[in-house]
There are 2 protein chains.
Amino acid sequence: MPSPSQNSLKIGIIGFGPFAQFLSSTMIKQGHSITATSRSDYTDLCTHLGISFLRDMNAFLKSSNDVILLCTSILSLSQVIKSVPFHCLKQPTLFVDVLSVKEYPKDLMLQVLPHDSDVLCTHPMFGPESGKDGWKELTFMCDKVRIRNEVTCSSFLQIFAAEGCKMMEMTCEEHDKLAARSQFLTHTVGRVLSEMEIESTPIDTKTFQKLVEVKESTSRDSFDLFSGLFIHNRFAKEQLRNIELALETIKQQLFKRMNEELD
Amino acid sequence: MPSPSQNSLKIGIIGFGPFAQFLSSTMIKQGHSITATSRSDYTDLCTHLGISFLRDMNAFLKSSNDVILLCTSILSLSQVIKSVPFHCLKQPTLFVDVLSVKEYPKDLMLQVLPHDSDVLCTHPMFGPESGKDGWKELTFMCDKVRIRNEVTCSSFLQIFAAEGCKMMEMTCEEHDKLAARSQFLTHTVGRVLSEMEIESTPIDTKTFQKLVEVKESTSRDSFDLFSGLFIHNRFAKEQLRNIELALETIKQQLFKRMNEELD
Ligand SMILES: NC(=O)c1ccc[n+]([C@@H]2O[C@H](COP(=O)([O-])OP(=O)(O)OC[C@H]3O[C@@H](n4cnc5c(N)ncnc54)[C@H](OP(=O)(O)O)[C@@H]3O)[C@@H](O)[C@H]2O)c1
Ligand SMILES: NC(=O)c1ccc[n+]([C@@H]2O[C@H](COP(=O)([O-])OP(=O)(O)OC[C@H]3O[C@@H](n4cnc5c(N)ncnc54)[C@H](OP(=O)(O)O)[C@@H]3O)[C@@H](O)[C@H]2O)c1
């Protein structure tokens with residue numbers, strides 16, 4: 001794995017959806033050069049952004065990237081990664097994923113990637129909306145799963161550190177435990193509010209306005225992302241059950257109090 | 001009903017809990033004079049604030065207030081109002097309530113209050129937390145249910161208008177419909193999150209932080225207040241049912257997607 005010159009990296013991106021587009025604008029600003037491939041054709045968008053878009057996966061792998069960033073949906077990662085012709089890689093490469101669940105891509109990458117490639121699991125805890133005014137103070141989680149080329153790995157992490165992200169190293173398992181109780185819960189509440197079609201009223205309280213923001217922010221993400229958080233985080237099912245149980249408890253408390261009042 | 005001189009009102013408060021204490025500090029700042037009575041003894045606090053506290057309800061009623069403000073909990077209003085010896089009132093008086101539900105106190109007041117008293121139903125859509133840095137842009141809902149003395153009523157409303165509140169006139173019924181879908185829903189979500197004991201994590205997203213704020217803000221209010229929102233707003237039960245149904249729908253969608261993935 002050659003060390004990148006002057007910290008400028010050649011980054012290949014697989015899956016050029018909303019989140020990859022968001023990340024790449026900052027990477028370009030920092031002077032990294034990007035090649036992308038995706039299921040859909042992003043040639044026009046990429047030309048506009050100064051990114052070379054290669055529909056052909058063989059050509060993409062041969063373009064000697066220092067880092068290959070996996071930005072597909074959680075649900076499609078397995079299918080995508082298994083279809084990659086890794087024998088076309090010209091050099092040992094750092095593979096980084098940005099999926100919002102972490103044990104699942106870690107296990108997949110360790111299974112499928114060539115043994116001489118490095119593996120960094122990451123989760124930038126922000127997106128196009130929360131990160132639209134810069135990444136300062138926003139959290140970036142990572143787990144250095146299999147790193148031999150420390151220089152390339154540091155250069156990659158520096159992309160986020162340089163923007164002022166709060167760098168948080170933890171295991172993929174720890175991440176998934178915490179994220180089930182925070183991010184998955186947030187998306188579930190947001191989807192429930194969306195299903196109820198809640199809207200601002202002329203008599204909103206400040207606290208209700210926060211719920212409307214939660215609804216709006218979570219419904220901007222794809223249903224694939226939300227269901228990925230559920231299906232591929234083994235701690236999520238328990239949290240869904242916990243929401244149901246807590247709602248049932250609150251309901252019981254309300255009816256108990258109501259019956260006391262009627263007595 | 002005599003008109004107050006120079007807009008300075010004599011205001012009597014029944015129920016001197018957290019919300020009455022919060023309101024009265026602004027009223028005093030504005031130069032109104034306050035007399036209070038409550039189930040508990042607030043003599044010391046009131047002395048400190050420059051408020052005369054009269055434990056005896058007869059003496060309280062005889063203190064010739066322009067306005068009597070009902071600030072009891074939703075659940076205790078009926079018991080409190082029915083025990084008031086209205087024959088002790090020395091003059092026709094404007095009665096104002098601030099309960100977070102509106103049809104219920106309106107009906108009670110019209111039943112129980114002397115016919116020569118005026119009735120203004122209000123709901124300041126803020127509290128000690130959201131209003132701690134002033135009331136500017138915060139919403140104040142009111143329904144002029146039975147107003148003959150327009151001058152006293154305007155002087156009272158001016159307390160909130162002068163602080164920059166967004167004054168919102170609507171019927172008690174409209175209020176309750178909207179509040180069931182906003183404030184009651186907010187409190188229910190907050191109590192569910194509280195029951196789940198959610199806490200900030202080292203990898204919070206911005207949106208999860210909003211949920212933590214919703215939890216903290218709603219659990220500051222008494223359980224009496226929350227159960228009052230449920231028991232005495234006839235639109236609340238339907239909304240509780242809607243939350244359950246929406247959660248069930250989201251759960252079904254997740255399991256359906258999971259089963260498709262496994263196929
Ligand atoms: N959005 C965020 O705020 C955020 C934050 C942190 C992490 N992430 C993670 O970033 C990744 C991308 O998220 P996203 O917001 O862009 O939306 P997403 O819906 O999770 O993923 C969209 C991407 O997945 C690809 N894809 C979907 N189904 C596919 C299939 N069957 N075969 C091949 N490719 C497929 C899409 O390709 P095409 O566009 O070519 O169709 C697109 O590149 C996810 O893993 C997500 O968990 C997102
Ligand atoms: N907190 C807010 O942000 C807010 C905002 C808008 C409107 N409101 C409304 O304002 C009212 C007061 O709210 P709060 O926050 O102060 O808390 P609350 O728990 O709703 O009410 C506390 C008040 O009710 C009295 N009370 C309770 N049970 C009683 C009983 N059995 N007999 C006689 N008095 C009884 C208390 O008297 P003692 O203190 O003497 O025991 C105290 O004055 C409620 O109707 C609420 O809906 C509150």
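In what follows, every chain begins at residue 1, and chains take the letters A, B, ... in the order their sequences are listed.
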Side-chain contact, heavy-atom cut-off 4.5 Å: [X] with [Y]?
{"X": "A:Asp204", "Y": "B:Met125", "result": "no"}
{"X": "B:Phe223", "Y": "A:Gln253", "result": "yes"}
{"X": "B:Ile250", "Y": "A:Phe226", "result": "yes"}
{"X": "B:Lys237", "Y": "A:Met258", "result": "yes"}

Relative to chain B, which segment of [X] carries a heavy atom at a distance below 4.5 Å: side chain, backbone, both, or neither?
{"X": "A:Thr186", "value": "both"}
{"X": "A:His187", "value": "neither"}
{"X": "A:Ser217", "value": "side chain"}
{"X": "A:Phe230", "value": "side chain"}
{"X": "A:Val189", "value": "side chain"}

Is the count of non-hydrogen atoms from other residues, nucleotides or ligands lying under 6.0 Å from [X] atom [atom1] greater than 12?
{"X": "A:Lys106", "atom1": "NZ", "answer": "no"}
{"X": "A:Lys177", "atom1": "NZ", "answer": "no"}
{"X": "A:Gln252", "atom1": "CD", "answer": "yes"}

- Would you name the heavy atoms of A:Lys166 and B:Pro202 that are closest together and state the gap between them?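 Shortest heavy-atom contact: NZ-O, 4.0 Å.
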- Highest number of heavy-atom pairs under 4.5 Å with chain B: which of A:Gln239, A:Met141, A:Glu248, A:Glu261?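 Highest number of pairs under 4.5 Å: A:Glu261.
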- Message: Heavy-atom cut-off 4.5 Å, strictly under: side chain, backbone, both or neither for B:Ile203 against chain A?
- Response: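 Its backbone and side chain both get close to chain A.
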- Query: Quick one: what part of B:Leu262 sits under 4.5 Å from any heavy atom of chain A, side chain, backbone, both or neither?
  - Reply: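 Contact with chain A: none, neither part.
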Distance in Å, [X] [atom1] paired with [Y] [atom2], rounded so as to fall on 0.5 Å steps:
{"X": "A:Asn242", "Y": "B:Ile198", "atom1": "CG", "atom2": "CD1", "value": "12.0 Å"}
{"X": "A:Glu244", "Y": "B:Leu247", "atom1": "CD", "atom2": "CG", "value": "5.5 Å"}
{"X": "B:Leu254", "Y": "A:Ile231", "atom1": "CG", "atom2": "CD1", "value": "7.5 Å"}
{"X": "B:Lys206", "Y": "A:Ser130", "atom1": "NZ", "atom2": "OG", "value": "8.0 Å"}
{"X": "B:Met196", "Y": "A:Thr249", "atom1": "CE", "atom2": "OG1", "value": "11.0 Å"}
{"X": "B:Lys215", "Y": "A:Thr207", "atom1": "NZ", "atom2": "OG1", "value": "14.0 Å"}

Do you know which of [options] has the most heavy-atom pairs under 4.5 Å to chain A?
{"options": "B:Thr201, B:Leu75, B:Leu185, B:Thr205", "value": "B:Leu75"}
{"options": "B:His123, B:Glu213, B:Glu199", "value": "B:Glu213"}
{"options": "B:Arg181, B:Met168, B:Glu174", "value": "B:Arg181"}
{"options": "B:Leu245, B:Leu211, B:Val212, B:Thr218", "value": "B:Leu211"}
{"options": "B:Thr188, B:Ile243, B:Asp224", "value": "B:Ile243"}
{"options": "B:Ala246, B:Ser182, B:Gly127", "value": "B:Ser182"}

